[in-house]
Number of protein chains: 2
Amino acid sequence: MALSAEKLTNNQQTVLDLLEKSKEPLKAYAILYDTQKKGITAPPQVYRALDKLIEIGKVHKIESRNSYIACTHKNCNSSTNTAFLICETCDHVSELTQKNLPSYFAKQSEQADFKYAKHNLEIYGVCKDCTK
Amino acid sequence: MALSAEKLTNNQQTVLDLLEKSKEPLKAYAILYDTQKKGITAPPQVYRALDKLIEIGKVHKIESRNSYIACTHKNCNSSTNTAFLICETCDHVSELTQKNLPSYFAKQSEQADFKYAKHNLEIYGVCKDCTK
DNA sequence: TAAAAAGTGTTATAATATAACATATCAAAT
DNA sequence: ATTTGATATGTTATATTATAACACTTTTTA
């Protein structure tokens, strides 16, 4: 079965639903707080669900913020290539959709005798709304 | 006074010395442990030194590993553009020296109506030594 | 040399994440 | 249909990473 079609468990679906309806990345303990009513009562339940969702590419972690965001790409099943635009003014985060980043980075890596496998890119700046 | 020429305090120098002689990135509490003899006895002392060193570009944080590494560039005085090659086999980390990454990312960002300011790139793969 | 800015030492605590374990559920393959 | 192996669950406890707060000291600069 393809990863992207994988059936989610209750906890996984609960966490994914919350992230998908959120306008912004959420922190693990915010997710915990917001899912108490759905039966998620302890940190491991959140982290396990996140681990699985990240593994199948439905969720990404913003490393520099310790926060988690639902993937905006259709049928994304990759957890290996991530690139974000993070607004320093309003904290909005969007995914940078750039098909050729992996090959670009692979080329750069090769020049340093390094075999590229995956990447995480976090770009900071000012988003469209905040430049107005 | 230029940032890169800034005079460091005792604690800052102690932490920088340790990182510079380390072959690998260090975690904050490892730094704390290794600098006890030098009078650093509590976490805030480490984090303050790191904050300053990061600010002046002498040290970078590997976000996805919560670890810190001395900058390998001569007279680096920037904390705004970082790119690392992280070996998944041996955990060795090296900085990717690529002058044109900022302009490349600025261009990519522009296409998403995003005003680029700085970036952090973490590439995972296999280093030269580990491919042998 | 006074004032402002930056750093220090210290205690306490916040925020983020995982270990461990007994039990439960699910998938698949005989 | 039933065993089996893999995966998930609920729970308690704890590990790891990082900051708040405060009184005091040192350094810089006007």
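Quick note: numbers below take in every heavy atom, side chains included, and nothing from hydrogens, waters or symmetry partners. Note on naming: letters A, B, ... go to the chains in the order of the sequence lines (proteins, then strands), and numbering restarts at 1 for each one.
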Would you please confirm or rule out a distance under 4.0 Å between OP1 or OP2 of D/dT9 and any side-chain N or O of A/T9?
yes

Between A/R48 and A/K61, the residue closer to the 5' end of DNA chain C by nearest nucleotide is A/K61

Distance, rounded to the nearest Å, where B/L50 contributes CG and C/dG7 contributes P:
13 Å

Does A/Q12 have a side-chain nitrogen or oxygen under 4.0 Å from the phosphate oxygens OP1 or OP2 of D/dA8?
yes

Would you give the length of the straight line joining atom CG of B/L19 to atom CD of B/E24, rounded to the nearest 0.5 angstrom?
11.0 Å

For the residue pair A/S64 / A/E122, report whether a side-chain donor-acceptor contact shorter than 3.5 Å exists.
yes

Provide, to the nearest angstrom, the distance between the CG atom belonging to A/L8 and the C1' atom belonging to D/dT9.
16 Å

Determine whether the aromatic ring of A/Y29 stacks with the base of C/dT16, defined as ring centroids separated by less than 5.5 Å and ring planes inclined by less than 30°.
yes

Short side-chain N/O contact to D/dG10 OP1/OP2 from A/Q45, under 4.0 Å
yes

Just the rounded figure in Å: distance from P of C/dT8 to NZ of B/K52.
10 Å

Quickly work out the A/N11 CG to D/dT11 C1' distance and round it to whole Å.
13 Å

Those residues of residues 30-44 of chain A lying under 4.0 Å from DNA chain D by at least one heavy atom:
A/T41, A/A42, A/P44

Check B/R65 with B/D91, please: is the shortest side-chain N to carboxylate O separation under 4.0 Å?
yes

Does atom CD (B/Q13) have a neighbourhood of more than 12 heavy atoms from anything else shown, all under 6.0 Å?
yes

Between atom CG in A/D51 and atom C1' in C/dA19, what is the gap in whole Å?
13 Å

Could you tell me the separation between the CZ atom of B/R65 and the P atom of D/dT16, rounded to a whole number of Å?
17 Å

Rounded to whole angstroms, how far apart are CG on B/L26 and P on D/dT16?
16 Å

For atom CD1 of B/I54 and atom P of D/dA18, their distance in whole Å:
9 Å

Counting only side-chain nitrogens and oxygens, does B/N66 get under 4.0 Å of the OP1 or OP2 atom of C/dT16?
no

Side chain of A/Q12, backbone of A/T9: donor and acceptor closer than 3.5 Å?
yes

A/Y116/B/Y124 aromatic ring centres below 6.0 Å
no

Run through the side-chain heavy atoms of Ile, Leu, Val, Met, Phe, Trp and Tyr, join any pair under 4.5 Å, and report what else lands in A/V126's cluster.
none

Quick check on C/dT18: is either OP1 or OP2 less than 4.0 Å from any side-chain nitrogen or oxygen of A/Y47?
no

